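What you are looking at is a predicted structure, and each value in this text was computed from that prediction instead of being measured.
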Amino acid sequence: MLSDLIGAYNTAVFETDKDAAFKVIDQALAEGATPEDIVIKLVIPAVDEMMTLINEDPDSNLAQQFMIAQIASEVTDKLLVLFRFPPEPAGCVVIGTALGDLHTLGKRIVMGCLKTMMVEVHDLGGNVPAERFVDEAQRVDAQVIGISAMMVHTATGPDGCRKVRQILHERGLEDRIKIVVGGAPYRFDGELYKSVGADGWAADGIGAGRLILDLIRQVKTGGAPKSPVMAEERAIRPLEIQQVKTPSAPKSPVRPSEGAMTPLEILAAAIDGEPAPRIPVFCNLLDQGARELGMTQKEYYARGENVAGAQLKMLARYGQDNVWSLSYVGVEAEILGCREILFNDEGVPNVADFVIKTYDDIAKLEIPADITTHPAWAKNAACLKILKEAVGATHPICAYITASTTLPSMLMGMEQWMQLVTDGPADLRDELLRKCSDFCRQELAAYRAAGANVLIYSSPFGSTYFAGMKRFKEWSLPWMKRDIAPGGLGGLVYYCGMAPFNNVIEAVAAELGFHYYHISPLADLAEAKALISNNALIASTALTCGIIDDIKMARWTPEETRAEVKRLCGIGKPGGHFLFGTGVVPMNVPEANIRAMLDAAFEYGRLP
């Protein structure tokens, strides 16, 4: 009986069609299948099979994983109450996001998968102190603590997994309670979990479920191995602290063979394929500015003068080609009503107060008629004024622009935004996107007018990793086209929040006309360079930005850093039209590695 319905159910789940999935369940019940059999023989195998297919499918995406987990969770909830006898839980897990981290989407996917595996889950939510993880695990007799972290400093910092491990050790609980971690930093560095003291990590929900079940069995049978020894922490030498002075145009370190060309001219030569002494070398040391000035992050980002002053000091010290205007996650949300930003001296700021708390708030959201008159814009303007006067004639000035499809995640949280995208009212979704697109258009114009000339258009939903090819073509592309229509493509760089997007480069070039691409460290750089260089629509003025994996760089030696720079330059330099760059360099990257990276980029980036 059930065998006839497995295909229909699997198809519904894979296509994230919740209504069709529930119709299959209702049909199975009507035909006499027991709730126990439906869960054990249909729902659980379907989740396992779907996640396996997702791992093998090049068009798999986060939205799909989210909906598969949610469908399975809701179906299980519906059927569990119909069981003749409550099922015995396979084990118990306490789960939450690390202290300072409010990104809950990944955690929710894992919870959905665990529920179908009959694992009892205690959700602690976001921004969870280490002590609470352990206290709750002891209270409910959990075998596993799951810690999600989206940001490098919440994954590697002293108040996250490291502290949980320390508390477990102090209380003698390491054989009774295991730690599983997950989140973006671990995807970039598969060995990172060892250095923070976790017992394992998983890249997706079903992987996390399998790992957690294995650890539960090990704990229950007494066969659990001792937790991995934490790698010795490399001492991170603080950047030199200097007194803030009125900034002036810095004298950058002398680099060999540059001749009389300015960094702006070197960038233009790379774009046009003209002769130059070397490739452009960009570096994002935005968050390091607070340490540079001896300030807290909150003090640092409170005034545009601070950010500009730090950027000019680090430009003089390191000699990279670019500077950054004031930017952090949530700066746009502040203009739209966010009242609290969570600052952390070890990493990037984070939104702590969501403007949209319910769907009713979408109608109330108002976009200012002119964002440059809003008090929250004043610090951006102050920063850009100083940078433009000091180095605007010689150096690229970079700014982040948040795409309309991404801004809602800062206004309501990624979990809630993904819910609206995949399963919410389409009219509300489109109303919010229209407002966010109106804001994006203003932001592009404002940054250009203020002096920014390299605009990093941040659109994670511009990668099929987040939305899948179908949504990318039918949904992401039209909204991105609307965002950029008024001001054109001048200075715009296509960037997907470090997610790979090689498979959409041709579509982006054809439909949107982008010429400059910020390639993810997770992508095949050689493939990306070929796709861009061989595209007749853009090749003559294209730019491939090869990006180093600066998350791994935190644990590399200077020699390993140099070797990776050499590898990237070896791939990117042939044929020209190449730039070496970074992501947002994490605060835990040693200064010796920053210097080694830049020195190597200037050395291996020399052109004949």
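At distances below 3.5 Å, at least one donor-acceptor pair connects side-chain atoms of D549 with backbone N or O atoms of K552. A donor-acceptor pair under 3.5 Å is absent between the side-chain atoms of D483 and the main chain of A403, judged by distance alone. Without hydrogens or angle criteria, H153 side chain to E346 main chain gives no donor-acceptor distance under 3.5 Å. Between the side chain of H577 and the main chain of I271, a donor-acceptor pair closer than 3.5 Å is present. A distance-only check finds no donor-acceptor pair linking the side chain of N322 to the backbone of I397 [under 3.5 Å]. Between the T422 side chain and the M418 main chain, a donor and an acceptor come within less than 3.5 Å of each other. Without hydrogens or angle criteria, K435 side chain to L365 main chain gives a donor-acceptor distance under 3.5 Å.
Applying ring pair (Phe, Tyr, Trp, His ring centres under 6.0 Å) to F501 and the options F472, Y494, F466, F461 leaves one that passes, Y494. Exactly one of T154, N350, N127, N344 qualifies for a side chain to side chain donor-acceptor pair (under 3.5 Å) with D101. That residue is T154.
Proximity of V196 to Y186: side-chain heavy atoms (C-beta onward) are separated by under 4.5 Å at one or more points. Between C436 and L411, the closest side-chain pair of non-hydrogen atoms falls below 4.5 Å. Taking 4.5 Å as the limit, some side-chain heavy atom of W417 sits within range of a side-chain heavy atom of L432. Contact of the L543 side chain with the L267 side chain is registered, since non-hydrogen atoms from C-beta on lie closer than 4.5 Å. Contact annotation: the side chain of Y328 never approaches that of V348 to less than 4.5 Å [non-hydrogen atoms, C-beta and beyond].
Salt bridge present: R317 and E591 bring a charged side-chain N and a carboxylate O closer than 4.0 Å.
In this structure, the ring of F282 has its center no less than 6.0 angstrom from the ring center of W324. With ring centers used as reference points, Y457 lies 6.0 Å or more from Y400.
Partners of A509 by side-chain contact (heavy atoms from CB on, under 4.5 Å), not counting sequence neighbours, listed by chain and number: Y517, N535, I538.
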